[in-house]
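Below, chains carry the letters A, B, ... as their sequence lines are ordered, and counting in each starts from 1.
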There are 2 protein chains.
Amino acid sequence: MQATKARTRDADATKSRILAAAKAEFARLGLGGARVDEIAEKANANKRMIYHYFGNKEDLFIAVLEDAYLNIRTAEQELQLDNLPPDEAMETLIRFTWDYYLEHPEFIRLVNSANLHKGKHLKSSQNVVEASRTYVAMIQNILDRGVEAGLFRPNVDAGQLNITIAAIGYYYLTNRFSGEILFERDYMTKAALDDRLAFNIDTIMCLLRRV
Amino acid sequence: MQATKARTRDADATKSRILAAAKAEFARLGLGGARVDEIAEKANANKRMIYHYFGNKEDLFIAVLEDAYLNIRTAEQELQLDNLPPDEAMETLIRFTWDYYLEHPEFIRLVNSANLHKGKHLKSSQNVVEASRTYVAMIQNILDRGVEAGLFRPNVDAGQLNITIAAIGYYYLTNRFSGEILFERDYMTKAALDDRLAFNIDTIMCLLRRV
DNA sequence: ATTAAGTAACTAACTGGTGCGTTACTTGGT
DNA sequence: ACCAAGTAACGCACCAGTTAGTTACTTAAT
């Protein structure tokens, strides 16, 4: 068996095509809105294979969420922020978070879907919990180093900061449709995106800077 | 016809029971997940009445969104923030926004649903657009008075500020399910809620305060 | 008497899930 | 090297339950 040659039967390839198609469809329409038949067609796989590999629609959703979260947690770790001065590390993290949301719009939509269902489909993903622990520890480390270096004020909660860094990017992007309509404002032009990122960096830096 | 006596037939009452039931169901399960039969049953109305008064499921969703947005915009105006000093007005607005999200969890969920569908169901609601214009003007006014009084720094964009005030409360609450699981943290205890509100007020005040 | 409010039964299209059979690939005995 | 037997990948056709929307009718209010 050659790994390079496209095989007529390849369990791994089929499985990952299904996962990718499911991710796109669940992101687009939510758990309830996505159709198993449509996922099968987009994956170029038979519907039967979805049930063969993933059991049922909800378990497929669980697999999609797990994959999406592990992807972002991995990317965050690859930033190697511990090697940067704390203020630079913080700005890099804000930029990264923003860019990641922009480049992976499906991630935001999947998180929204997971929360519409009250997190039910995340409860079994202990590996994501562990990856998230590492992530918060990383933020805590940046904060500690910043305080020690006299750059940041002390006693800022790393958990709250983490939530706020996500919030100011995430909310802007996920609710841009209602925002564009109701506030009669461009959200997605290059200029608008640059403005928002700058505003967000400013927000966090004002919060952290020693006074 | 006596308005006080419960009539066996009352178009307005039936219509508003349907709207209330639809709001609850759309908030709970989204546009795709909510069931018209279930809405009819919860409203104590016949399903046919939904089609009679609202046309179809999507138009009912439009009516629900419009009602939800007009409710919050009305409540915001009733704050009379123009009578308060700018720093107090700002803090009052942050508290109000937070409390409103807490007391009207269905609002957040409806906005999420509207954005899952790319705002399609808001496009016809010109009255909400107008109410939103008034709202941003109110924030701009607080900002202007704050700058003039030497309390706030100049050139902070009212639109961005508006988005951020919403974001830091909204994101915390809408994504609390994934947050509680992945970050192993209480989100909804009295202490946690108080902490978050204090953190959010601090965030905005740091951003606005003259340096 | 007329009109509007309300109801129940129905339907056509859909939807998650499955039973059952087929085909490609692997393995181990010779 | 060959082949028979076993296994995993795959596909067709269908079901049972659901769902948005409708038809045809009854009943209360003015």
Among D:dG21, C:dT15, D:dC10, the nucleotide that comes nearest once only the side chain of B:Tyr51 is considered: D:dG21
Answer whether the closest heavy-atom distance between the side chains of A:Leu93 and A:Met138 falls below 4.5 Å. yes
Would you indicate, yes or no, if C:dA5 has its OP1 or OP2 atom less than 4.0 angstrom from a side-chain nitrogen or oxygen of B:Thr14? no
Without decimals, in angstroms, what is the distance between B:Asp12 CG and C:dA4 P? 14 Å
Given D:dC10, C:dG16, D:dG21, identify the nucleotide with an atom nearest to the side chain of A:Asn46. D:dC10
Name the closest nucleotide to the A:Lys57 side chain, picking from C:dG6, C:dG16, D:dA20. C:dG16
What integer distance in Å separates B:Phe61:CZ from D:dA20:P? 14 Å
Assign A:Arg48 to base, sugar-phosphate, or nothing according to its heavy-atom contacts below 4.0 angstrom with the strands shown. base
Roughly, in whole Å, what's the span from CG in B:Asp37 to C1' in C:dC14? 15 Å
Quickly work out the A:Asn44 CG to D:dC10 P distance and round it to whole Å. 11 Å
Phosphate OP1/OP2 of D:dA20 contacted by B:Arg35 side-chain N/O (<4.0 Å): yes
Atom CE of A:Met49 to atom P of C:dA24: distance rounded to whole Å? 14 Å
How close or far is atom P of C:dA5 from atom CD1 of B:Ile50, stated in whole angstroms? 16 Å
Position toward the 5' end of DNA chain D (nearest nucleotide), A:His52 or A:Lys47: A:His52
Should we say atom NZ of A:Lys42 is surrounded by more than 12 heavy atoms from elsewhere, each under 6.0 Å from it? yes
Just to be sure I understand the rule, does B:Ala13 reach a base, reach only the sugar-phosphate, or reach nothing, if contact means heavy atoms closer than 4.0 Å? nothing
How many whole angstroms separate atom CZ of A:Phe54 from atom C1' of D:dA9? 14 Å
For A:Arg73 versus A:Ser132, what's the shortest heavy-atom pair and its separation? NH1-OG, 2.9 Å
Could you check which of D:dA9, C:dT18, D:dA20 has an atom nearest any side-chain atom of B:Val36? D:dA20
How many Å lie between CD on B:Glu58 and P on D:dT19, as a whole number? 17 Å
Check this one for me: any side-chain N or O of A:Tyr53 less than 4.0 Å away from OP1 or OP2 of D:dA8? no
Examine the side chains of B:Tyr170 and B:Asn112 and answer whether a donor and an acceptor come within less than 3.5 Å of each other. yes
Decide whether B:Gln160 and A:Asp195 meet the rule of one side-chain donor and one side-chain acceptor closer than 3.5 Å. no
